[in-house]
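In this chain, residues are counted from 1 in sequence order. Computed from a prediction, not measured in an experiment: that's the story for all the values here. Every number for a ligand or one of its atoms is a count from 1 in the order of the listing.
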Amino acid sequence: MPRAGYDLAMLYAITREVSAAIGRCELTHLTRLEIDVARARAQHAAYERALEACGAAILRADREPEMPDAVFVEDTAVVVPEGAVIMQPGAPSRSAECESIIRLLSQHRTCARIYAPATIDGGDVLRIGKTFFVGRSARTNVDGVEQFAAIVGRWGYRVEPVEVTGCLHLKSAVTCVGEGIILVNPKWVDASVFGTVDVLEVDAAEEYAANGLPIGGKLIYPDHFPRTRERLMKRGIDVFTVPADELAKAEGAVTCCSIVFEG
Ligand code: CIR
């Protein structure tokens, strides 16, 4: 349904069911803890309801029961009005996740692909206006940044590589939480590279708290970071809280579980 006050474009969110194999997920910075699949699925369902409440229609990608990290669809594609870029995930166990996403996205956009030996995860890509900031993480290499820049350059976007340390992806360290406002963990990324934006820092006791998903005028945000949530609310941000601590054990956060675009 079109959102009041917006144009008639439809807002879509691609999601995917939590795999029964999520216990075998990739991990980079966290110690492996047992993941309760039923609880993770219940939290994921609450996340999908939040997306719908924010105006998105859910497009569910095919189930991938043998792919532990398949719920984290953000890493497989980046979508803009001009087209979609299919990523080349940096963890070899994740590359097959892209095939079903191409099938789905090609109904909505022309798809361009990144080819090996380039690697790039969608979690490393943060768009602010016509600039893509791309994290140079363990998942995204120089070739990945270059191929991505060549594709989106044709569509009029600029790419800025960004150093990121201490976390999985650029968007573990920084996300946009409102028009011209970024939420940052300053230990993991230097906020000055993002230009003239307002910078809000995470509470020092909540180092994983920099990931929020702005959608439909609200911010979908995990309920396990109450101190940073308080800061967001004080800044006038309309926070839509969701339970997300089970998928956080797999190093997942709220942007990771969807690909949002206008149809
Ligand atoms: C991985 O290591 O690839 C997954 N366990 C977590 C991916 C989270 N994705 C994201 O932040 N965009």
Side-chain angles (χ1 to χ4, degrees), residues 13-37 40-41 43-44 47 51 61 64-79 84-98 101 114 119-127 132-141 144 148 162 164-177 183-185 188-189 202 207-215 220-222 224-225 242 244-261:
I14 296 179
T15 63
R16 174 151 42 208
E17 179 186 274
V18 176
S19 165
I22 186 137
R24 291 189 275 113
C25 66
E26 296 286 337
L27 285 178
T28 58
H29 291 80
L30 294 183
T31 304
R32 192 170 296 279
L33 295 174
E34 192 175 333
I35 297 177
D36 179 334
V37 175
R41 285 184 172 160
Q43 293 189 349
H44 187 256
Y47 172 80
L51 289 167
E64 295 290 8
E66 301 303 323
M67 298 183 195
D69 284 304
V71 65
F72 302 122
V73 289
E74 171 182 59
D75 294 317
T76 63
V78 169
V79 184
V85 187
I86 307 302
M87 301 285 106
Q88 185 67 243
S93 70
R94 300 199 56 194
S95 56
E97 291 174 26
C98 295
I101 299 295
I114 306 281
T119 66
I120 181 167
D121 281 11
D124 275 321
V125 179
L126 174 68
R127 186 175 66 78
F132 281 104
F133 295 93
V134 181
R136 278 282 295 107
S137 71
R139 296 290 175 79
T140 296
N141 64 19
F148 183 78
V162 178
V164 52
T165 51
C167 59
L168 171 57
H169 287 131
L170 177 64
K171 278 191 277 190
S172 320
V174 55
T175 53
C176 278
V177 291
L183 178 63
V184 174
N185 178 336
W188 293 342
V189 73
V202 299
E207 56 177 358
Y208 286 89
N211 187 277
L213 175 64
I215 174 168
I220 296 181
Y221 192 72
H224 56 283
F225 300 122
V242 291
D245 58 343
E246 205 60 38
L247 286 177
K249 295 177 187 170
E251 291 185 45
V254 287
T255 63
C256 327
C257 295
S258 58
I259 302 168
V260 176
F261 63 95

Task: Evaluation steps, salt bridge (Lys or Arg N to Asp or Glu O under 4.0 Å), between Arg94 and Asp75 - done: CA-CA 9 Å; Arg94 300 199 56 194; Asp75 294 317; 2.8 Å; yes
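Across all non-hydrogen atoms, the minimal contact from Leu247 to Cys257 is CD1-SG, 3.9 Å. Gly144 and Ile120 make their closest contact through O-CD1, 3.8 Å (heavy atoms, listed as atom of the first residue, atom of the second, distance). Across every non-hydrogen atom of Val18 and Ala40, the tightest pair is CG2-O, 4.0 Å. Across all non-hydrogen atoms, the minimal contact from Ser19 to Arg41 is C-NH2, 3.9 Å. Across every non-hydrogen atom of Ala173 and Ala210, the tightest pair is O-CB, 3.4 Å. Among all heavy-atom pairs drawn from Leu183 and Ala209, the shortest one is CD2-O, 3.3 Å.
Per-residue contacts place His169 under 4.0 angstrom from the following atoms of ligand 1 (heavy atoms of the residue considered): 9 (N), 10 (C), 11 (O), 12 (N). Atoms of ligand 1 found under 4.0 Å from any heavy atom of Gly123 (numbered from 1 in listed order, with element): 12 (N).
Looking only at heavy atoms of the protein, atom 12 (N) of ligand 1 is closest to Glu74 OE1, 2.7 Å. Closest to atom 10 (C) of ligand 1, if we only count protein heavy atoms, is Cys256 SG, 3.0 Å. Nearest protein heavy-atom contact of atom 2 (O) of ligand 1 is Arg139 NH2, 2.8 Å. Nearest non-hydrogen protein atom to atom 8 (C) of ligand 1 is Glu251 O, 3.4 Å. Scanning all protein heavy atoms for the shortest distance to atom 9 (N) of ligand 1 gives Asp75 OD2, 2.8 Å.
For atom 4 (C) of ligand 1, the nearest non-hydrogen atom from the set Asp121, Ile22, Asp69 belongs to Asp69.
Taking a 4.0 Å cut-off on heavy atoms, Ala250 registers as neighbouring ligand 1.
If you look at Glu26 next to ligand 1, the close heavy atoms, those under 4.0 Å, come from the backbone and the side chain alike.
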